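From a predicted model like this one, the values you see are computed outputs, not experimental measurements.
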Amino acid sequence: MAVAYARRETLHGAWWVGWTDAGVCATALPETSERSFAALLRAQHGDGVAPADAGAIPEAVDWSVVPDGFRKDVLRACAAIPAGEVRSYGELAAAVGKPRAARAVGTVMATNPLPLLVPCHRVVRGDGTLGEYGAGGPARKAAMLGAEGVALDGGAAAARVLPSRA
DNA sequence: ATACCGGCTAGCC
DNA sequence: GGGCTAGCCGGTA
């Protein structure tokens, strides 16, 4: 299947997006070189990788890039977090039916194949502190959340917007 | 099987 | 609040 890619202008910069007829299958940070992003797509789908018009980027995500199981469940649950809100690792764990798997959720976030599209930056610690961010570190996480309107109090998200604690 | 590692948490000082 | 510690769980070697 042919793979197309383009830079998409977003609130957080011009991220790379790769896709096929099945949907978006990869994303990468703005500072990623075109060369390495294309290489990633080739590794994932083989040859037939070519630049295309950003206007052709599909809405849908190609979830087939993630094998069924805990990982996919967590990623999909994360994808459902609206911009401007945050959830804790534990909440995400509970959302997929494994309330004690917060740690494992962190591992999934750390290996998110679709950063930005699967908004792993919206997942913070239970106490509101931001926690880590693989695709650019905590500073970038803070910047992204700030851009999305999440109130940040010092190094923490002031509100978790949903269930929350007192 | 088994051991170790990590974007975590809850409980205790 | 801060700094432990011991549990936790799914990957991966």
Q.
According to salt bridge (charged side-chain N to carboxylate O under 4.0 Å, His left out), does anything in residues 11-22 of chain A pair up with another residue at least two apart or in another chain? List the pairs.
A.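 Pairs touching residues 11-22 of chain A that pass the test: none.
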(Q) So A:G90, base contact, sugar-phosphate only, or nothing? Heavy-atom distance under 4.0 Å. (A)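 Result for A:G90 = sugar-phosphate.
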Q: Quick one: label A:V123 by what it contacts on the DNA or RNA (base, sugar-phosphate, nothing), any heavy atom closer than 4.0 Å.
A: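 Result for A:V123 = base.
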Output all residues satisfying side chain to side chain contact (heavy atoms under 4.5 Å, CB included) with [X], sequence neighbours left out; order by chain, then residue number.
X: A:P99; value: A:A94
X: A:P138; value: A:E132
X: A:A80; value: none
X: A:A142; value: A:L130, A:L152

Provide, to the nearest angstrom, the distance between the [atom1] atom belonging to [X] and the [atom2] atom belonging to [N].
X: A:E91; N: C:dC8; atom1: CD; atom2: P; answer: 21 Å
X: A:R140; N: B:dG7; atom1: CZ; atom2: C1'; answer: 15 Å
X: A:R125; N: B:dT9; atom1: CZ; atom2: C1'; answer: 10 Å
X: A:R103; N: B:dT9; atom1: CZ; atom2: P; answer: 10 Å
X: A:E132; N: B:dT9; atom1: CD; atom2: C1'; answer: 16 Å
X: A:D153; N: C:dG1; atom1: CG; atom2: P; answer: 10 Å
X: A:L92; N: C:dC8; atom1: CG; atom2: C1'; answer: 16 Å

Given [options], the nucleotide with the shortest approach to the side chain of [X]:
X: A:A102; options: B:dG7, B:dT9, B:dG6; value: B:dT9
X: A:R100; options: B:dG7, C:dC8, B:dC8; value: C:dC8
X: A:M109; options: B:dT9, B:dG6, B:dG7; value: B:dG7

Under 3.5 Å, which donor-acceptor pairs link side chains of residues 37-55 of chain A to any protein atom two or more places apart or in another chain?
from: A:Q44; atom 1: NE2; to: A:C25; atom 2: O; distance (Å): 3.2
from: A:D53; atom 1: OD1; to: A:G55; atom 2: N; distance (Å): 2.6

Q) Looking at DNA chain B, which of residues 143-152 of chain A put a heavy atom within less than 4.0 Å of it? A)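 Contacting residues: none.
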Q.
Strictly distance-based, threshold 3.5 Å: is any side-chain N or O of A:N112 a donor or acceptor partner for the main-chain N or O of A:L75?
A.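 No.
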Q. If pairs are Watson-Crick or G-U with both distances under 3.5 Å, what is the dot-bracket string of DNA chain C, marking crossing pairs with [ ] and pairs to another strand with |?
A. .||||||.|||||
Please list, for nucleotides 10-13 of chain C, all pairs of protein and nucleotide N/O atoms separated by less than 3.5 Å.
from: C:dG10; atom 1: OP1; to: A:K98; atom 2: NZ; distance (Å): 3.1

(Q) What I want to check is whether an N or O donor and acceptor connect the side chain of A:Y89 with the base of B:dG7 at under 3.5 Å. (A)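 Looking at the base of B:dG7, it does pair with a donor or acceptor on the side chain of A:Y89 (distance under 3.5 Å).
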Q: Determine, for A:E9 against A:R7, whether the closest basic-nitrogen to carboxylate-oxygen distance falls under 4.0 angstrom.
A: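 Answer for the salt bridge query: no.
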Q: Only counting residues at least two apart or in another chain, list the ones meeting ring pair (Phe, Tyr, Trp, His ring centres under 6.0 Å) with A:H12.
A: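 Per chain and number, A:H12 pairs via ring pair (Phe, Tyr, Trp, His ring centres under 6.0 Å) with A:H121.
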(Q) Run the ring pair (Phe, Tyr, Trp, His ring centres under 6.0 Å) test against A:Y5 and tell me which residues pass, sequence neighbours left out. (A)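 Checked A:Y5 against ring pair (Phe, Tyr, Trp, His ring centres under 6.0 Å); matches are A:W16.
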Q. Which atoms form the tightest heavy-atom contact between A:I57 and A:W19, and what is the distance?
A.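 The answer is CG1-CZ3, 3.4 Å.
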Q: Would you please name every residue forming a side chain to side chain donor-acceptor pair (under 3.5 Å) with A:R76, sequence neighbours left out?
A: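 Expected list: none.
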